[in-house]
Novice: 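First the structure, which I've put down as structure tokens, then a few questions once you've had a look.
In each ligand, atom 1 is the first atom listed, and ligand 1 is the first ligand listed. Numbers here are sequence positions counted from 1.
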Amino acid sequence: MVTKETHIQPQPAFETFHTLPLLPLKNVVILPKSIIPIVVGRDISIHAVEYALKTDRLLFITAQKDQRIENPTIDDLFACGTTAVILQEPVRMPNGALKILVESTSRARMHEMFMTGSFISANFTSLPTDGNEDTTELWALWRNLRRLYLDYTKLDERAPANLVEHIRIVADIDGAVDTIAVHSNLSFEERQSILELSDLSKRIATLARILQREVDIMHAELRIRGHVQTQIEQNQREYYLTEQIKAIQKELGREDQAAEIEELRRKLEKLNLPTEAQKRVDKELRRLEQMPPLSSEASVSRHYIEWIMGLPWHTKSEDTISINHAEKILSSNHAGLTKAKERIIEFIAAKKFSKKLDRSPILCLAGPPGVGKTSLAKSISDALGRDFIRISLGGIRDEAEIRGHRRTYIGALPGKIIQAMRKANTINPVILLDEIDKMSRDVHGDPAAALLEVLDPEQNKTFMDHFLDLEYDLSQVMFIATANMIDNIPYPLFDRLEIINLSGYTDQEKMDIARAFLIPRNLKEHDLKTTQFNIEDTVLATIVDQYTKEAGVRQLERVLTKLMRKAIQAILADTKIKAVEITPERIIEWLGNPIFKKTALDTEKAHVGLATGLAWTEVGGDILEIETSVLPGKGTVTLTGQLGDVMQESAQAALSYIRSRAEELGIKPSFHTSKDIHIHIPEGATPKDGPSAGITICTALISALTHKPSRGDIAMTGEITLRGRVLAIGGLKEKLLAAKQHGLKTVIIPQENESELKDTRKEISLDGLDIVFAKTMDEVIAFAFMQNPLTPLKPTKAKKKTKKKKSSQQKAGK
Ligand code: ADP
């Protein structure tokens with residue numbers, strides 16, 4: 001509470017003191033010469049106003065230093081304030097406050113304050129302006145201020161326009177300075193400092209400094225605003241241009257393309273491509289944007305991007321390497337094949353131990369068609385839990401089929417390897433390279449060389465497909481190859497392969513496979529119950545024997561499914577039929593007459609000029625009946641029945657051998673000039689080649705030349721040399737199987753194959769088949785004829801006797 005006694009300021013002796021009711025203001029400094037509305041809320045102030053209204057309407061107004069104080073003491077107030085007159089009757093507001101309009105008159109300094117009844121009075125002296133003389137310096141200062149203010153008003157639109165006019169023509173600098181201060185954007189403290197400056201020059205200088213600062217700030221603001229504006233304009237321009245482009249593209253029908261490219265970009269981002277691929281795709285997308293959407297260029301470009309997007313780049317499946325699991329899967333899909341399964345399990349087991357197994361040789365399952373190569377490979381992928389993709393290499397002759405075509409024409413595609421990777425969802429699938437032995441080469445390069453790169457762990461990490469034109473990592477892929485004839489695999493490839501031989505099945509094995517796998521699996525696929533389709537063993541045997549001719553079980557499966565379809569038809573046609581029994585009659589009805597009725601070999605009878613060989617073809621083992629006839633003539637040798645070069649050479653070798661042993665065989669040594677020889681191997685449609693028919697051709701020829709019958713129950717296989725040595729042959733197991741199937745009792749095989757026979761016996765039963773080894777043709781002859789035509793020459797007195805004997809034999813030969 002302020003009392004009369006509180007604070008007494010030192011008072012200049014000569015000054016006149018005035019007393020007026022005090023109106024302390026919060027937050028506002030009132031400068032002289034301004035008209036201003038004030039809301040008076042505090043009781044003590046309301047009372048002061050009421051007192052003034054009752055008297056001369058005059059107040060002393062000053063500002064509080066701290067607006068938060070409700071009952072200020074003299075220290076809480078600025079000493080410097082203004083006197084003011086209340087202009088109108090106050091308005092009482094609903095909350096009891098008074099709204100008054102005051103006009104401030106002149107500066108004054110408070111020296112004392114004291115309570116006067118219910119309000120405070122202030123003792124003050126007026127503060128007349130110093131230095132208000134009409135000097136050049138003052139005018140200079142003033143003009144500077146005025147110019148600044150004009151600048152200021154140009155920048156601040158809120159400055160009242162009439163005031164600008166007013167200060168142009170002002171005579172009272174003192175009043176004008178305060179007016180400018182009132183209408184400038186000054187802070188509370190700045191206003192108070194202006195108020196306190198009674199020295200006019202100082203006041204002008206201070207105000208000028210403040211205005212200069214304001215003008216500078218506003219200029220800076222303008223610059224910033226200008227900058228922002230340009231930025232905005234730039235953005236607007238870009239927006240406008242993009243909109244224009246869109247409109248143009250819409251006109252050209254490219255709108256969809258832009259959306260499509262956007263979509264492609266979004267999808268590509270998710271793929272997290274390797275840097276090089278990402279760069280390539282970005283470049284391609286930029287090119288695509290420039291192209292007319294329906295142009296061929298654009299479709300080539302799009303095609304390329306889609307290929308990159310379609311490939312797996314990171315996704316990998318985890319290998320489940322469990323030996324038990326693998327064994328289970330292999331045996332649940334395949335009967336027999338014990339050796340192959342063992343090797344595969346070894347391979348998987350090794351993989352479990354060595355992560356570097358990717359460097360191990362590539363498995364190659366070799367054997368005739370239909371013996372389960374593909375399905376074994378599929379089982380390997382199942383056992384490892386990897387994706388499985390099959391690539392057929394049969395008939396490939398162009399390197400581009402492996403490595404792709406360059407992207408120079410529409411319809412160019414990546415090679416088979418990258419195509420396979422697209423089908424796989426992972427970077428580590430099992431890829432089956434089917435029929436690796438069926439590739440050939442032509443002018444367009446060697447596919448085997450490209451394949452070698454694919455299989456080489458040193459190179460396949462950065463495999464380059466011509467179409468992709470990017471490095472692609474194939475190192476995680478597990479390649480498995482299949483082949484029918486390993487002899488046909490190009491050597492460099494063969495060198496990388498670990499061959500697992502799968503040979504043909506015996507009839508019994510085929511029947512077992514049919515019972516255990518083919519029939520149940522296909523019944524399920526045809527939605528038939530086991531009780532609805534019955535087939536007796538004897539009938540199944542007939543099917544195997546007379547309706548299929550193969551080493552594997554593919555035809556057998558086809559025939560069985562045909563029977564199942566017929567059975568379904570029968571069941572559907574007659575609701576009374578609940579189950580179908582496959583009888584021999586049904587077979588003839590549904591499958592027609594037997595297709596491969598085996599021409600029963602006349603095994604009991606002996607024939608002249610005939611010998612039975614054993615052959616190994618791509619479809620398995622078979623027997624080969626070789627017929628020869630010798631007629632008087634000029635010594636021509638004719639071979640018929642689609643024989644390959646090697647077989648022709650075998651025939652020549654056999655003839656040379658016979659010529660060298662003509663005497664011992666009792667053949668006229670000049671037979672090769674006086675006889676025409678015809679060698680024929682029936683089933684002319686099937687090409688036949690290979691050296692293993694050598695001893696058979698030789699036997700048939702000797703029989704024809706000597707007129708001595710060879711044994712009908714014997715089959716033979718072996719390569720012959722000019723000197724009559726018998727060399728090892730391939731495909732022993734298949735050949736022995738064929739011999740068994742044809743009811744032969746004895747087989748002559750090269751001595752060199754003896755060790756292999758031990759292994760073969762483990763795989764197939766050779767009961768009922770006598771196997772005779774031969775090292776030389778002489779031994780073959782001794783065994784193959786009912787009566788050995790070979791009479792050894794007597795060593796001594798040889799010349800004469802031999803000549804005699806020879807001439808008698810020649811006679812017999814005629
Ligand atoms: P390949 O690839 O050797 O030509 P596939 O693997 O295509 O032969 O086999 C042909 C059909 O025969 C497949 O349905 C396969 O499941 C079946 N098959 C072949 N061998 C066996 C076997 N030992 N056990 C069960 N099914 C077999």
Novice: Would you say the side-chain atoms of D456 pair up with the backbone N or O of L452, donor to acceptor, closer than 3.5 Å?
Specialist: no
Novice: May I ask you to list the atoms of ligand 1 that are less than 4.0 angstrom from any heavy atom of V553?
Specialist: 12 (O), 17 (C), 18 (N), 19 (C)
Novice: State whether R403 and D465 are salt-bridged, where the test is any N-O pair (Lys NZ or Arg NE/NH1/NH2 against Asp/Glu carboxylate O) under 4.0 Å.
Specialist: no
Novice: With atoms numbered from 1 as shown, which atoms in ligand 1 lie under 4.0 angstrom from a non-hydrogen atom of Y505?
Specialist: 20 (N), 21 (C), 22 (C), 23 (N)
Novice: Does K510 come within less than 4.0 Å of E550, counting only side-chain N to carboxylate O?
Specialist: no
Novice: Contact between ligand 1 and G370 is defined here as a heavy atom of the residue under 4.0 Å from a ligand atom; is it met?
Specialist: yes
Novice: Which atoms of ligand 1 sit under 4.0 Å from any heavy atom of S375?
Specialist: 6 (O), 15 (C), 16 (O)
Novice: Over 60° means perpendicular and under 30° means parallel, so tell me whether Y491 and F494 are parallel, tilted or perpendicular.
Specialist: tilted
Novice: Applying a 4.0 Å heavy-atom criterion (strictly less than), which segment of I513 is in contact with ligand 1: side chain, backbone, both, or neither?
Specialist: side chain
Novice: Looking at D622 and K549, is there a salt bridge between them, counting it only when a charged N and a carboxylate O are closer than 4.0 Å?
Specialist: yes
Novice: Can you find a side-chain donor-acceptor pair between S375 and H334 that sits under 3.5 Å?
Specialist: yes
Novice: Any side-chain heavy atom of P312 sitting closer than 4.5 Å to one from T426?
Specialist: no
Novice: What protein heavy atom sits nearest atom 11 (C) of ligand 1, and how far away is it?
Specialist: E557 OE1, 3.5 Å
Novice: Does K378 reach ligand 1, in the sense of a heavy atom lying below 4.0 Å from it?
Specialist: no
Novice: Can you name the atoms of ligand 1, numbered from 1 with element, that are less than 4.0 Å from a heavy atom of R554?
Specialist: 1 (P), 2 (O), 4 (O), 7 (O), 8 (O)
Novice: Hey, is K373 close enough to D434 for a salt bridge, meaning N to O under 4.0 Å?
Specialist: no
Novice: Can you check whether K733 reaches D759 side chain to side chain, under 4.5 Å on heavy atoms?
Specialist: no
Novice: Charged N to carboxylate O under 4.0 angstrom, K566 versus E589?
Specialist: no
Novice: Atoms of ligand 1 less than 4.0 Å from L337 heavy atoms?
Specialist: 23 (N)
Novice: Could you establish whether N333 and ligand 1 come within less than 4.0 Å of each other, counting only heavy atoms on the residue side?
Specialist: yes
Novice: Short N/O distance, under 3.5 Å, between V371 and ligand 1?
Specialist: yes
Novice: So, 4.0 Å and heavy atoms of T482: is ligand 1 close enough to count as a contact?
Specialist: no
Novice: Under 3.5 Å, N or O to N or O, is H334 touching ligand 1 that way?
Specialist: no
Novice: For atom 24 (N) of ligand 1, what's the nearest protein heavy atom and its distance?
Specialist: A335 N, 2.8 Å
Novice: P369 near ligand 1, heavy-atom distance under 4.0 Å?
Specialist: yes
Novice: If the cut-off is 4.0 Å to any non-hydrogen atom of T374, which atoms of ligand 1 fall inside it?
Specialist: 1 (P), 2 (O), 6 (O), 7 (O)
Novice: What atoms of ligand 1 come within less than 4.0 Å of a heavy atom belonging to R521?
Specialist: 13 (C), 14 (O), 16 (O)
Novice: Looking only at N/O atoms, are G372 and ligand 1 under 3.5 Å apart anywhere?
Specialist: yes
Novice: When you check the gap from the basic side-chain N to the acidic O, do R386 and D319 get nearer than 4.0 Å?
Specialist: yes
